[in-house]
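To keep things clear, I will list the structure first and then write my remarks on it.
Whatever order the structure lists ligands and atoms in, that order sets their numbers, starting from 1.
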Amino acid sequence: MGKGYYISRHLATAAMVLAAIALLTIIALSVVYNREKSKNAAKFTNATTSPVPPTQKTPNEPWDKYRLPDTLSPEYYNVTLWPRLVKNANGMYIFTGISGVMFTCVKKTDLILIHSNKLNLTLFKGHHAKLTGQSGVTAPAIKTTWFQMETQYLVIQLEGKLKPGKSYWLYTEFTGELADDLEGFYRSEYMEDGEKKIIAITQMQATYARKAFPCFDEPGMKAVFHITLIHDRGTTALSNKTEKVTIDGTAVTRTIFAPTKKMSTYLIAFVVSDFKYISAKDKKGVLVRIWARKKAIEDGQGDYALKITQPILEFFEKYYNTSYPLSKSGMTMIKNKTEPWKTGVLSLTERRLFYTIRRRLPMATSRGVLFWFGNLVTLKWWNDLWLNEGFASYVEYLGADYAEPTWDMKDQTILYDLQRAFAVDSLTSSHPLSRKEEEVNTPSEISEMFNTISYSKGAAVLKMLSEFLTEPVFAKGLSNYLKQFAFGSSVYTDLWDHLQKAVDQTPGVKLPYSVHEIMNRWILQMGFPVITIDTRTGNVSQKHFLLEPEAVVDRKSEFNYEWFVPIKWMKKQQVQDQLWLLQKSGTLNLVNKNEWVLANLHVSGYFRVNYDLGNWERLLSQLESGHQVIPVVNRAQILDDAFNLARASIINITLALRTTKYLLHERKYIPWEAALRNLNYFFQLFDRSEVYGAMQAYLKKQVKPLFEYFGNISSNWTAVPSGHTDQFTQIIALSLACSTGVEGCRELTRNWFKKWMQNPHNNVIHPNLRSTVYCNAIAAGGAEEWNFGWQMFQKATVAAEAVKLRSALACTKVPWLLNRYLEYTMNPEKIRKQDATSTIGYIASNIIGQSLAWDFVRANWDYFFKMYGTGSFSFSRLISDITYRFCTPFELSQLKRFQKDNAETGFGSGTRALQQAIEKTTAKIKWLAENKEPVHQWFLSESA
Ligand SMILES: *[C@@H]1O[C@H](CO)[C@@H](O)[C@H](O)[C@H]1NC(C)=O
Ligand SMILES: *[C@@H]1O[C@H](CO)[C@@H](O)[C@H](O)[C@H]1NC(C)=O
Ligand SMILES: *[C@@H]1O[C@H](CO)[C@@H](O)[C@H](O)[C@H]1NC(C)=O
Ligand SMILES: *[C@@H]1O[C@H](CO)[C@@H](O)[C@H](O)[C@H]1NC(C)=O
Ligand SMILES: *[C@@H]1O[C@H](CO)[C@@H](O)[C@H](O)[C@H]1NC(C)=O
């Protein structure tokens, strides 16, 4: 098994979404695959006839600063954009636009700075813009204009000063490339009925609006937007007011959107496509529309999304105690997920896409609907991004849970937020949730804020807050906060103020400190504590949890890495009063020391828990004798805590391994998923060593009952389990059973695949199970199976299917097939350029492919560096993928050698990943030296 397993599991999860509602649309596809930058991008930076700045470049001019000066404030924009969905004479896709912004002068100035990036601006009398004064004011003449590339400004110097309190109109005309670069106004392509279709779509967050039209592109610079789109007849701009016009002899449609509310530039969005929609009105008359490819709509793929959007809307209206802000024009459109659509205005963030596609649709819809509530209040500056995103990540589960109450949505937060956040927040390279405003300036610093800490830790910490305040108090404070700041900007302390008020007004809710004081420790310092409970003495203590036991934290914390920790706990089967740990240590009132204690009940807190050995023993025996007594999320968390404590050398690895013994009886998804994630790490470490055999034998024993259970409830694998999470568990059962050789499993997958090979037009394999089946069948087979898979991959029209096959092809155990597959990654005819690095990653996750991939990448380093070195995402991923398994001194020396040999070419955006690989390998070598033997012995004794 190993990493291949993990990946296929991962895809399987996505497959579920697709199977459930088969939401195959095209936008996410382009998001996922076209991550790399357009090669044309560079052209545009120079594309303007920009005069040289008049002054000698001294670094501290206003245009050298990334933040706009506070001299001007926008009121509204009139923007007309015309995307051309066919190539122009130069083979380029472009859009043209005209845009004006009405702004007020706040402080006297003779300088206008407005963001503009990669746009070709038309010259008017030698200048890139026209300026006129309003209501009888004469605007000063423009002295000179130029582009400041580094800070992405159009700089306009004036002959005279603008007058405070007066309004001016700044007008521009421009051309931009409709590139497939996912930034600003860009294009996305998909195939329908053998025909290539182009759509034009936006991605403004975080700093790309300036690539669509010149604007004051900071979240605090809110304005009203009047947007008009010109587009081909037969295409739709998502809105409902259109007229047919002819411009320059071209018959087109003009769509004029209603003026928006006052909002930030990054929230603007629109799409031009030939999508179709279905719609429904909810009880209050909010019109919900689901837009998608024609085929998808015809196949009924939007029906489910339409159905659940309404309850989710209803939930959030209740939750926020405020009505849906978009009255009758709420629209949603499908991609892999859904987003609400408002006349010309919504936001899709690629991060959000990355983030939600792994989840289930209600979640995505929930997130979509939520988007509008969440963005009632926008951030003042990007340093507080975590509040919006973390908040949305938290409450989307509540909305999804309301729409699908039987899906255990709320419980899944521990897998998708808490544990994910723990993984990065236990490293010394982590950072606090809230950064100082002055630490976040450049576009790349801003985009770095869209990370796991903001999303997942943000969600986990807010969930903890909501739990210790109690949900009604939290909701009340929140709703007041929204009322005060709706359509305005806030900082996180405003939310604390409102929550504090709600606490003060609610008798019975007592906090040891104010909301500010408690939360500051979670927001302003990175990391989280491990709480240790010694049931012999009742002593409870906390310590900053770091995965590397010897790691040194450079970052100072004014709170000394101590937290105010709300501990919910239970003793035997009784829930106890919440305890606040306010110092390094405290005491727990234990009457009977022989009963087990379980802390972080329902995993409501953002911390790990450790116990004295006696209590661990009692918990383990409870798990084995009657695991249902312990809440399901706690079962998962016990596993995750134990393994991570062992990795940090806080407890013995054998103790962690023992938490997997009860899995024999476990049938629930969340604990199995948690176990697998942790065991996956072990597979990487041991699948090339003598430990492997014993480990396999043990796991085979553990998973056998699960495999048989699913055989039974699925009428011998012919039916789909009815329970939603059971479908996920079924994938785990099949995958783990096949990779450990449980009798009957491999035959099952081989036969399914054989049937498909015999009749390629009729794939009988259930979509839920395809990733697993393909991978196992190709691993067990030879060239014939591989070639069949390759053919099917080339023919696949459905993106999800293509990914499953592309990853399964990496599962073969035949070296020459793997080598040939590696070669394909350098041939864009075979493997698209944007898929190349992930394909190599799949191959590297195969035990046999690992060394082949490593040699291959090293041998072709110059090529890969040239191709991908600057696009940060895929490249650093490539480096971590190919080095993921490294755990021997020999591999470490190879890595260091590699670093030396290519020092000249460099590592570009992979520099950090390479450094991390070296650190991780070093740590693994050390860990293995101490733990390999006990692990081996343990597996031997348990598998006997
Ligand atoms: C949807 O999401 C899955 C999961 O990441 C991805 O593989 C697929 O390509 C995406 N796009 C479409 C159109 O299915
Ligand atoms: C863009 O301008 C920079 C500096 O002015 C120059 O070095 C570079 O060659 C130019 N690129 C193109 C494509 O013209
Ligand atoms: C912008 O101007 C440059 C130089 O005149 C030209 O090469 C480029 O194609 C233009 N871009 C667009 C989108 O028109
Ligand atoms: C901007 O557009 C609005 C709505 O069409 C219009 O009323 C207004 O006059 C326009 N402003 C300017 C300065 O053209
Ligand atoms: C367009 O929107 C308006 C106002 O929201 C509504 O009254 C009208 O019915 C809509 N028209 C169409 C064709 O949907």
Query - Pair Gln152-Tyr66, side-chain hydrogen bond (donor to acceptor under 3.5 Å, both in side chains): steps then yes or no - result: CA-CA 8 Å; Gln152 304 180 344; Tyr66 285 95; over 6 Å; no
Ligand-protein N/O pairs under 3.5 Å (ligand 4):
residue, atom, partner, partner atom, Å
ligand 4, 2 (O), Asn78, OD1, 3.0
ligand 4, 2 (O), Asn78, ND2, 2.2
ligand 4, 11 (N), Tyr76, OH, 3.2
ligand 4, 11 (N), Asn78, ND2, 2.9

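- Residue-ligand proximity, Asn120 to ligand 3, at heavy-atom distances under 4.0 Å covers atoms 1 (C), 2 (O), 3 (C), 8 (C), 10 (C), 11 (N), 12 (C), 14 (O).
- The aromatic rings of Tyr77 and Phe213 sit perpendicular to each other, their planes meeting at more than 60°, with 30° as the lower class boundary.
- The side-chain heavy atoms of Trp146 and Thr144, taken from C-beta on, include a pair separated by under 4.5 Å.
- Classification of Glu177 and Lys118 as a salt-bridged pair fails, no side-chain N sitting under 4.0 Å from a carboxylate O.
- Atom-to-atom distance recorded for Thr172:OG1 and Leu121:CG is 5.5 Å, nearest 0.5 angstrom.
- Checked against salt bridge (charged side-chain N to carboxylate O under 4.0 Å, His left out), Asp384 has no partners two or more places apart in sequence or in another chain.
- Annotation for ligand 3: atoms under 4.0 Å from non-hydrogen atoms of Met92 are 9 (O).
- Distances from ligand 3 to the non-hydrogen atoms of Ile94 include at least one value under 4.0 Å.
- Here the side chain of His115 pairs a donor or acceptor atom with the backbone of Asp217 at under 3.5 angstrom.
- Here is the list of ligand 3 atoms found below 4.0 Å of a heavy atom in Thr175: 12 (C), 13 (C), 14 (O).
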Requested in this report: Just do the ring-ring contact (aromatic ring centres under 6.0 Å, His included) check on Tyr208 and Tyr186 with the steps written out, would you?
Outcome: CA-CA 10 Å; Tyr208 304 133; Tyr186 70 96; 9.2 Å; no
